[in-house]
Amino acid sequence: MRRSRLSHFVMLTILALFLSLTHASLFISAQTVTQVHLQGQVRDTNGVGRQGRLTISTHQELTPDTTIDKKLAVLTTDSDGNYRVTVPVSDHYIVQVNPLGRQRLDGFLFPDSFTDTWRRVARGDSAELTIDLTVHPAGILYLEGYGTGGQYYYLHHYPDPRAFALFSVGTPPVHSSLQALNHQLPVFPVATGSGDVPAILVPAEKGEAYTLWLGWMVPEIGTVMLEMDNGGKGFAPPADTVQRVNVVYEITRTELRKAHQKYTSRLAAGYVFTPAVGEWLDQGDQFFQEAKTLFEAGNRSRVAVSAYRALTPIIKAKEAMALEIAQQDILKFRLVPITIRVVGPDQQPLAGIQVDYRQLHHDFLLSTGAPLDGTWGGTSHKTSYKIGNYVKMIDMVRQAGFENLVAEHCQWGQVQPTADKAHFEYRGNMLLRRLQEDGFRTSCNGIWFTPFHPQVYPSFLNGMSYEQIKTASVNYVTNVVRRYGRGIQAWGVVNEPNFANAYNFTPEQMLELIRATVEAGKAANPESQMQVILGAPGLSWGELQPDKTSSPIGSISSYDYLRQMLDYGIKADAIGLQLYYGVVLMPLDLGTLSDLLDVYGADFDVPFYIEEMEYPSLESYPGLRTPSSYLVWHGGHTDATQAEYATALYTLLFSKPYVIGANWLMGSDLPAYLSESFRIGDGWIEQDGETLRPMAFALHDLFASWTTTGRGKTDAEGRLQFMGYAGNYEITLTGDGDGIYQQSAHFDQAEESEIILQFDERQVKADNRSAAQATLDKAEKALKWADSWGKTAGKVDAQMFFEKANTAFRGEDYQRALELGKLAVESVSIKVDGQPEDWAGIDPIYTAPRPYMAGTDNNRLRRAFSTIDDSYFYLMLEFDGTASDPTLNG
């Protein structure tokens, strides 16, 4: 019995050891697999093998050191479509095929009528993987392009080989294009002896018809995306057939029909247009009839010459209609009747009270990304926006008329660089407080899992599970929103989740993360607005390259992703859209852009915020070529065109009742040494960081035209009525006895807004006297403070204002005394603007022991100044030459 038990134990031990070694060998084998054998066949829908060119790639889980996709192999199948290849190990593979078969049609070797296709397959634990693909039949659109003089266009003459997008006929171009959905080439180059000609592969299985949008250069209009739809019927070439399309003729035919439809329908709706619109449409009709006659006669190149002569006035009419409709809609949707009713202490109406009203802010966010912390500003330390020249920067913002500024200091990677500690940067906090004190509203972006800028999210997320990242995201949003409170009124809680997916989340995971973070932001501060930022509203033709996908989500159109968000139950306060047309996307004419936005307004009952928009001026960069250089609208990349584009965009957007604001993202130009070179020249401030471009002045005038100011007297019922724009107002009441009362008020975008103000003139006059006296006391104290420190800067002005304020006070003009007293205080106070002249008369607390020599010892502290008043401690450090931060003021 003992031997039996021992023998049994030995056998179990040997078996366990065998199993352990077997498991270990399997584990080691699984861990040491470095190559995988892929094989398969490409077939058509009839099961026949088809030769094709394969691209095998894999999406990597991104860290700051990895790229979106890694191309593993490019190969050609055999004539029967079979392939076998060895590639590095990965958790999944993307296999794409471009059919190589050719057939001669109309004298050219076109693709053999099969669309491109691709598959994504998970590897599992296997080192052998079979991936078969099926290609589908297609007809072909052969595009015949011609220049303005009738010269033939090859593919390299077209503005951009990606700017071709098919959509089902009758469908607005707000979805992903058919090519993007099928992962096929936007246009297929067909080689000829003189150059490639463009062919569009159109699926032919279902018999559906399609409309084609493409980028095209129109004289006087620029390079814009335009539509051709075969007279409204769409294109549906059968398999193994080629349909020739005269590009400029078909574009002109489509755009003329659409322009007439818009003109007729808007006239019927009560809109009024200037005579120029009708005259341009008449010109379009005349020249198109000429082109049509030539087309029917078969003279294809001369057709194009006449079609161009028609197309320019057609698009001019289209854009003019969009702007004139917008100007009338502004009066219709933005102006509201406002009533101010003044009553006495007994609640009885007061007649004859003078009412001055002045709008301070608009509910519509007139926003820009001001370079508050030097990240974007200027090209040197002297012109970068530091705290020291805050006053100069704010003065430029005011000259441009912006009221809301995007803060750059609250991105996750900056706020929380490590998992254990959040870093609320002092400079950012100080700037935010200064902006609030100066009457500005602020916005900020939050989470952005972009693989292109990994610095915006902290590196400690790398290696975390989805649940851990979700928890960290919720905690970050909660803490940062709670930390800044109402200091930031609008949060872009999640930025571009429809294509920025650096951690390879599944679609449902990304939606759940959005829901959780939006709800966390609302819980942290219900008064702040929580937004989710998507991308372009439509016609974003390059959103998904044929051999590149950024994640299992891919790149979903803003329209379709918004539908997914709403179906998932995500309730953001607003949805952000981005208008990078003319920067990274082909420009749109104003009519097309307006129509795209109106699809969102009609299909979704949510507010929209245009979170990013830009357009470059390259006048101060002679000879510079950037990726946006060919994306030209109207006069090109000039100061005048930038100003024209900016005012047109803000006009269109302000006219849309479903749009709550618009943000011109760039304040100063992005420095040329940074990676996003296509955005050079996009700012409304010159590259020197100090000079305003014409765009700034044009916007100031435009915004001023939407700003309500006025004066009137109350009627017998104590009422004053006027039409105004929604927003915050300062209201001043003046009685017969010169009693002046000021009150702020908010009027919203309601059918009618009313405010009741109680006016007790005796009490008001007493309050005015007290306020004026307090300000005079403060001014006198400020002058004594200046004397005690020896400060001479501003003292002469301060003394003059102080004496005039006292004279006004003695004459019982208390409002005037109050204003002059404030000027006295401001004149003699320390200004945090980096200008050493403001410290004149104050002795330094430190002076360098050796003589100052210009151009030497650039980082050596030359002098230090400090002073203190009732509220602040001030410090200025003056360095020799140009230090790393030449002016530090606190």
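None of the values given here were measured: they were computed from a predicted structure. Any value given below was found using the heavy atoms of this structure, including those in side chains, with hydrogens, waters and symmetry copies removed.
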Q.
When you compare the side chains of Asp560 and Ser557, does any donor N or O come within less than 3.5 Å of an acceptor on the partner?
A. yes
Q.
Show the nearest heavy-atom pair for residues Val481 and Gly521, with the distance to one decimal.
A. CG1-O, 3.8 Å
Q) Stepwise, does the side-chain contact (heavy atoms from CB on, under 4.5 Å) test hold for Glu519 with Lys571? A) CA-CA 8 Å; Glu519 291 181 358; Lys571 297 179 180 178; over 6 Å; no
Q: Please state whether the rings of Phe608 and Phe604 are parallel, tilted or perpendicular, taking 30° and 60° as the class boundaries.
A: perpendicular
Q | Minimal non-hydrogen separation, Leu178 against Pro203, with atom names | A | CD2-CD, 3.4 Å
For residues 524-536, run the donor-acceptor check on the side chains, cut-off 3.5 Å, and write out each pair with its distance to 0.1 Å, sequence neighbours left out.
residue, atom, partner, partner atom, Å
Asn525, OD1, Glu527, N, 3.1
Asn525, ND2, Gly485, O, 3.1
Asn525, ND2, Ser528, OG, 3.1
Ser528, OG, Ile488, O, 3.0
Gln529, OE1, Gln531, NE2, 2.4

Q. Is it the case that Gln468 and Tyr466 place a side-chain donor and acceptor less than 3.5 Å from each other?
A. no
(Q) Can you tell me if Glu508 has over 12 outside heavy atoms packed within less than 6.0 Å of its CD? (A) no
**Q.** Between Thr478 and Asn475, a side-chain donor and acceptor under 3.5 Å
**A.** no
Q: Starting from the C-alpha separation in whole Å, work towards a yes-or-no answer on side-chain contact (heavy atoms from CB on, under 4.5 Å) for Ile575 and Tyr609.
A: CA-CA 6 Å; Ile575 299 298; Tyr609 172 60; over 6 Å; no
Q.
Does this structure show an ion pair linking Arg50 with Asp112, if we count only N-O contacts that are shorter than 4.0 Å?
A. yes
Q. Closest heavy-atom contact between Ile131 and Tyr83?
A. O-OH, 2.7 Å
Q: Would you please say whether a donor-acceptor pair under 3.5 Å links the side chains of Tyr559 and Asp603?
A: yes
Q) Strictly by modelled atom types, are His37 and Thr86 linked by a side-chain donor-acceptor pair under 3.5 Å? A) yes
Q. For Glu227 and Thr211, does a side-chain donor sit closer than 3.5 Å to a side-chain acceptor?
A. yes
Q: For residues Arg53 and Leu100, report the shortest heavy-atom separation together with the two atoms involved.
A: N-CG, 3.6 Å
Q: Just jot down the side-chain contact (heavy atoms from CB on, under 4.5 Å) partners of Ala662, sequence neighbours excluded, or say none.
A: Phe364, Ile610, Met613, Tyr650, Leu653
Q.
Under 3.5 Å, is there a donor on one side chain and an acceptor on the other for Ser367 and Asn663?
A. yes
Q | Reference residue Leu54; test side chain to side chain contact (heavy atoms under 4.5 Å, CB included); the match among Val42, Thr76, Val74 | A | Val42
Q: Taking only Lys NZ, Arg NE, NH1 and NH2, and the carboxylate oxygens of Asp or Glu, determine whether Arg119 and Asp132 approach each other closer than 4.0 Å.
A: no
(Q) If you count heavy atoms of other groups shown closer than 6.0 angstrom to CG of Asp605, is the number above 12? (A) no
Q) Judged by modelled atom types alone, do Asn404 and Thr442 share a side-chain donor-acceptor pair under 3.5 Å? A) no
Q) Between Tyr158 and Phe164, does the ring centre distance come in under 6.0 Å? A) yes
Q: Check the pair Thr368, Val406 against side-chain contact (heavy atoms from CB on, under 4.5 Å), reporting the backbone distance first and the verdict last.
A: CA-CA 6 Å; Thr368 186; Val406 176; over 6 Å; no
